[in-house]
Amino acid sequence: MTRNLWIGLPGRLREISQAATAFERGAELGVTQFTSLGGQVTTLAPQRTARKTKFTFDRLTEDDAAHLDRLARRIDGPGPIVVIDPVARNLLDPLQAEGRCPGGTAAAHWYLSNSADGKLQLSTAPGAAPGTAPGTYTWTANSTTAQLNWHRRPGAGFPVAPGMSVRFTLPKSWRSGPCATRLHWRDAAGTYLSSAAVASHTLSATVPAGAALVTPSGVAGEVGTYALDGAVLTINDAHVPTAPVNLLPADQAAGRGTPTQWTATGCTLSTDAEGYVVAALPVNTAGSLTFVFAGQKGHPLPGSGLVGLVLPAAVRARAQNCSFAFFDAAGASLGSSATWSPATVPALARHVSATVSFGAAATAFSARLGPAKLQHLDTSVPQLAGDGCPAMAVTAYTDSPGRPLPYRNISIDLTEVTDASV
């Protein structure tokens, strides 16, 4: 994927139309070395280094050169400067894309829309112990509508410009459930303008007029605890992250065909005039519904990963519990997981059976069984690593007239800054 350099103050991003003749992308290592009299070498280095970039342009157009000149001379403000370099793809911070945040707080990378939306906390999952994957966070959603937001500091969002194509994909552990993705557009001051939303794990949208920042956010759709690794935020990029696969056959997914595609207790199954299967539950009666795959203990699994169930709104509103039963190739049980949030597929599992239970209620219930999804996500597929789009400052700049005029030969050095204000 090729893309030109975008650079400017928030709200004044400009695409430099010409590719740099030289582009260096490194880091300010800040390593100090000491050698003892005995010959032992000791080095001291900061915990995390700052990014350094250098761009060299030959025969740059007058307008592009003037834009870089104003930035270097701080004519329109002290900065910091927004830089989206040509090789940056996932604009999330490298640790943020891995679901990690240093310093004992998640505030630098995520925030809740309100305190009732759940809790961000250090992971207690295997492999997330201190010293193994420091700063790994999970989010516990307290409701089906709870929203989590991805944060970039400094500022109120990730930099964008009108007309850009922005794509945001939720973390891997969210994608097989009934999740929703949102992009909140803001002006350069951080004031909310509008939003784009979709009931899926990935949202692509065009930046509207007046927008300078975007805040990605997501709704997991079910109560539960979710890992935060695997989120991807790109601009003008054709890459599409891994999507879940629906394990249900076409008719079963649509809720059409023979009722024998489900087994029911307590409720009755029938077919309406349009060919859709309807489940009916009498007053004060509990029941259950299992998705059946003919001749097998459950639906075939393509491999390890996560499975999640997405039901029609009416069925989900009436359902009380959900469980997944796993079986090996011989049909032996490998255990079950009672959860509405996506479940981890056990090792050696080759089939999964999904069951929904209904509690007794004072009102009768009747609803179509489709559309539905029994989704599987292969979590072993690598996601785009986080590149980040850190705030930067101009640290060196040269501008010499090109031939013929008014072309200019420009060299500009930039260094990542922290604790800056915009």
Side-chain angles (χ1 to χ4, degrees), residues 141-147 174-182 197-201 218-224 243-294 296-300 306-325 336-343 351-377:
N142 287 344
S143 71
T144 58
T145 59
Q147 176 177 280
W174 303 34
R175 297 181 201 172
S176 54
C179 54
T181 311
R182 298 167 182 170
V198 67
S200 178
H201 57 84
V219 176
E222 294 289 2
V223 173
V245 176
N246 190 0
L247 303 181
L248 301 180
D251 277 354
Q252 195 175 37
R256 300 175 65 95
T258 173
T260 57
Q261 297 175 99
W262 298 266
T263 58
T265 59
C267 55
T268 58
L269 302 179
S270 61
T271 304
D272 65 16
E274 296 180 41
Y276 290 96
V277 177
V278 176
L281 193 67
V283 174
N284 297 325
T285 304
S288 67
L289 185 75
T290 299
F291 290 79
V292 174
F293 191 84
Q296 301 288 344
K297 287 281 190 176
H299 292 77
L306 295 167
V307 291
L309 187 63
V310 181
L311 297 171
V315 178
R316 176 63 186 92
R318 184 66 174 78
Q320 188 175 56
N321 295 301
C322 172
S323 64
F324 302 98
S336 63
S337 177
T339 175
W340 281 109
S341 57
H351 296 89
V352 59
S353 175
T355 299
V356 179
S357 62
F358 306 92
T363 57
F365 166 75
S366 178
R368 288 178 173 178
L369 295 182
K373 298 176 184 178
L374 177 58
Q375 300 197 119
H376 172 270
L377 181 75

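Note that these values count all heavy atoms, side chains included, but never hydrogens, waters or copies made by symmetry. Residue numbers start at 1 and run along the sequence shown.
Of all non-hydrogen atoms in Ala343 and Phe324, the two that sit nearest each other are CB-CD1, 3.8 Å. For the pair Lys297 and Ser353, the tightest heavy-atom approach, listed with the atom from each and the gap, is O-CB, 3.6 Å. Shown here for Ala141 and Val223, the closest heavy-atom pair between the two residues is O-CG1, 3.4 Å. For Trp262 against Arg256, the heavy-atom pair with the smallest separation is CH2-O, 4.2 Å. Taking all atoms of both residues into account, the shortest heavy-atom contact from Leu369 to Ala279 is CD2-CB, 3.7 Å. The minimum heavy-atom distance between Ala314 and Ala367, with the atom names listed, is CB-CB, 4.0 Å.
Of the options Asn321, Thr263, Thr290, a side chain to side chain donor-acceptor pair (under 3.5 Å) to Thr355 is made by Thr290 and by none of the others. Put simply, the residue from Leu281, Leu311, Leu269 that forms a side chain to side chain contact (heavy atoms under 4.5 Å, CB included) with Leu289 is Leu269.
Atoms CD and OG1, on Glu222 and Thr145 in that order, are 11.5 Å from each other to the nearest 0.5 Å. In this structure, Phe358 CZ and Gln320 CD are separated by 10.0 Å, a value rounded to the nearest 0.5 Å. Note: Trp340 CH2 to Ser323 OG = 9.5 Å, rounded to the nearest 0.5 Å. Atoms CG and CG, from Leu374 and Asn246 in turn, are 7.0 Å apart once rounded to the nearest 0.5 Å. Atom NE2 of His351 and atom CD of Gln296 lie 3.5 Å apart (nearest 0.5 Å). A distance of 7.5 Å separates CG of Leu248 from CG of Leu309, quoted to the nearest 0.5 Å.
Formation of a donor-acceptor pair under 3.5 Å by the Thr181 side chain with backbone atoms of Ser200 is found in this model. Side chain of Arg318 to backbone of Ala313: no donor-acceptor contact under 3.5 angstrom is found.
When only modelled atom types and interatomic distance are considered, His201 and Gln375 share no side-chain donor-acceptor pair under 3.5 Å. Between the side chains of Thr339 and Ser337, not a single donor N or O lies within less than 3.5 Å of an accepting N or O. Side-chain contact check for Ser288 and Thr265: at least one donor-acceptor pair (N or O, by modelled atom type) lies under 3.5 Å.
Looking at Val278 and Arg368, their side chains come closer than 4.5 Å, going by heavy atoms from C-beta outward. When side chains are defined from C-beta on, Lys373 does not count as touching Pro178, because their heavy atoms never get closer than 4.5 Å. Residues Thr285 and Cys267 form no side-chain contact, since every pair of their non-hydrogen atoms from C-beta on lies 4.5 Å or further apart.
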